[in-house]
Amino acid sequence: MKIALYGKSFPDSFAINVQQLITKLELAKSSILIYEPFYAFLGQKVRLNSNIATFSTHKEIIEAGTDLFLSIGGDGTFLDTITFVRNSGIPILGVNTGRLGFLASISKEDIFQAIDDVVARKYKLEKRSLLCLNTQNNLFGELNFALNELTVLKKDTSSMITINTYINNQYLNSYWADGLIIATPTGSTAYSLSCGGPIITPESENFVITPIASHNLTVRPIVIPDSYEIKLKVDGRGENYLVGLDSRAQSIDHSIELIIKKEKFFINLVRLENEKFFSTIRNKLMWGLDKRN
């Protein structure tokens, strides 16, 4: 099995766990491929064999015949792996070195068992939908997709912005707010949730439109089918605004029209046999925890 490792950095206290992970993969006769900047970081923290190869582009992991993409970090690191995997269908598994970890769900205590299960192929693939952004100037180039959300935010002024929103060319609303989030079911537990949006199960075929600090308190998040097309036109006192796709951001002016649709391809998330969505949100969000219980 050929496994690509991606990461940025991690605390010194996690170095022993990463060493154990790499050793475990080598004992399982797995071929390891490491993201080049991460390889340089790891060289200062753990012991690496000289026969480990590196990669730096999407093309290289495809040509290498990668069977599994392993993200080491938090959910932000996991989201960055999407730009390498793209439409290849390569499954992604996340080892959590951060705090919450909805996407990077494997804790350091579970690394050994997780690697055993992966090598034995005792896991299932969970298809996650993405959204796609279309703009006249091709704002994000080839990386015009997001697993979590698209976000429009004010930039140059403290004044609110107006986001004129259309669904299938029908006028929905003009959001007078600090910004607007268009989230997938995966992204419903991220930024959208912190702004009052609902949690949506991964297999739901929906988008969530969630305002950020709306001036009109009666304007609430709305769930729509992901087969719908969303069009956004931004206006306000500032000259420029921010558009984010997951962890990537670009500046735009009010002349840019944003068209959001469902992406044609899916991302395959590795889910081990004991991982269940409802138990994950109970544990991560600490539902039901009360000192009275």
Side-chain angles (χ1 to χ4, degrees), residues 1-98 101 103-108 110-112 114-121 123 125 128 130 140-148 245-249 265 267-270 272:
M1 176 177 268
K2 179 158 285 188
I3 298 179
L5 269 61
Y6 177 84
K8 297 177 182 177
S9 63
F10 48 76
D12 289 342
S13 60
F14 207 86
I16 187 172
N17 303 104
V18 175
Q19 181 70 75
Q20 290 170 342
L21 184 151
I22 292 173
T23 302
K24 185 77 170 175
L25 290 175
E26 291 173 339
L27 289 173
K29 307 299 182 184
S30 297
S31 178
I32 302 174
L33 189 68
I34 302 179
Y35 180 53
E36 195 167 304
F38 191 46
Y39 181 87
F41 172 81
L42 287 176
Q44 306 171 26
K45 304 288 183 179
V46 302
R47 186 183 68 259
L48 297 172
N49 290 333
S50 58
N51 62 342
I52 291 179
T54 62
F55 72 93
S56 58
T57 67
H58 160 73
K59 183 179 179 181
E60 287 173 335
I61 67 165
I62 302 302
E63 291 177 345
T66 305
D67 298 302
L68 180 76
F69 209 97
L70 190 58
S71 169
I72 301 175
D75 282 355
T77 302
F78 190 102
L79 290 173
D80 287 342
T81 67
I82 310 304
T83 64
F84 290 94
V85 172
R86 304 187 191 183
N87 61 349
S88 66
I90 297 172
I92 308 173
L93 177 66
V95 174
N96 184 26
T97 67
L103 295 171
S105 57
I106 305 302
S107 66
K108 61 183 181 181
D110 297 328
I111 288 176
F112 274 15
I115 297 303
D116 284 341
D117 289 347
V118 165
V119 171
R121 300 189 185 274
Y123 60 83
L125 296 182
R128 295 292 183 98
L130 301 91
F140 287 87
E142 294 180 348
L143 304 178
N144 63 334
F145 49 83
L147 178 62
N148 264 5
L245 288 177
D246 289 340
S247 55
R248 308 179 304 284
F265 64 87
I267 292 296
N268 288 318
L269 267 62
V270 172
L272 304 181

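No experiment lies behind these values; they were computed from the predicted model shown.
Relative ring orientation between Phe69 and Phe55 is described as perpendicular, the plane-to-plane angle rising above 60° on a 0-90° scale split at 30° and 60°. Classified by interplanar angle (parallel below 30°, tilted 30° to 60°, perpendicular above 60°), the ring pair Phe41/Phe10 is perpendicular. Using bins of under 30°, 30° to 60° and over 60° for the plane-to-plane angle, the ring pair Phe84/Tyr35 lands in the perpendicular bin.
Considering Asn96, Leu272, Leu70 in turn, Leu272 is the only one that fulfils the side chain to side chain contact (heavy atoms under 4.5 Å, CB included) rule with Ile106. In summary, of the residues considered (Asn17, Val18, Thr97), a side chain to side chain contact (heavy atoms under 4.5 Å, CB included) with Lys108 occurs for Asn17 alone. For the side chain to side chain contact (heavy atoms under 4.5 Å, CB included) with Ile92, the qualifying choice from Leu68, Ile267, Leu147, Leu125 is Ile267, the only one to do so.
Looking at Ser56, its side chain never comes within 3.5 Å of a backbone N or O of Glu36 through a donor-acceptor pair. Checking side-chain atoms of Asp75 against main-chain N and O of Leu103 turns up a donor-acceptor pair under 3.5 Å. Formation of a donor-acceptor pair under 3.5 Å by the Arg121 side chain with backbone atoms of Val118 is not found in this model. The backbone N or O of Gly89 lies less than 3.5 Å from a partner atom in the side chain of Asn268, making a donor-acceptor pair. Counting only distance, with no hydrogens or angles, the side chain of Asp246 and the backbone of Ala146 share no donor-acceptor pair below 3.5 Å. Side chain of Asp67 to main chain of Ile3: no donor-acceptor pair is present (N/O by atom type, distance under 3.5 Å, no hydrogens or angles).
Residues Ile115 and Gln20 form no side-chain contact, since every pair of their non-hydrogen atoms from C-beta on lies 4.5 Å or further apart. For the pair Glu142 and His58, the minimum side-chain heavy-atom distance is 4.5 Å or more. In this structure, Leu269 and Phe78 have side chains that are in contact, with non-hydrogen atoms separated by less than 4.5 Å. Using a 4.5 Å cut-off on side-chain heavy atoms (C-beta onward), Ile90 and Ile62 make contact. Leu33 is not listed as a side-chain neighbour of Glu60, based on a closest heavy-atom distance of 4.5 Å or more.
Contact record, Gly73 with Ala104: O-CB, 3.5 Å, taken as the closest heavy-atom pair. In terms of heavy-atom proximity, Gly7 sits nearest to Thr77 at CA-CG2, 3.9 Å. Of all non-hydrogen atoms in Ile32 and Leu5, the two that sit nearest each other are CG2-CD1, 4.1 Å. Closest non-hydrogen pair, Ala15 versus Val46, comes out as O-CG1, 3.5 Å. The two residues Tyr39 and Asn49 have their closest heavy-atom pair at OH-O, 4.4 Å.
The side-chain tip of Arg248 points at the ring of Phe145 from less than 6.0 angstrom away and within 45° of straight on. Taking the ring axis of Phe112 as reference, the NZ or CZ atom of Lys24 stays within 45° of it and closer than 6.0 Å to the ring centre.
Of the inter-residue distances, the one linking Leu48 atom CG with Glu26 atom CD reads 8.0 Å to the nearest 0.5 angstrom. In this structure, Leu42 CG and Ile52 CD1 are separated by 8.5 Å, a value rounded to the nearest 0.5 Å. Here OG of Ser9 is found 11.0 Å from CD of Gln44. Values are rounded to the nearest 0.5 Å. Between the OG atom in Ser71 and the NZ atom in Lys8 there is a gap of 9.0 Å [rounded to 0.5 Å].
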Report task. Evaluate side-chain contact (heavy atoms from CB on, under 4.5 Å) for Glu63 paired with Thr57, printing each intermediate quantity in order. Result -> CA-CA 10 Å; Glu63 291 177 345; Thr57 67; over 6 Å; no
**Report entry** Chi angles and distances behind the side-chain contact (heavy atoms from CB on, under 4.5 Å) call for Leu93, Tyr123
**Finding:** CA-CA 10 Å; Leu93 177 66; Tyr123 60 83; over 6 Å; no
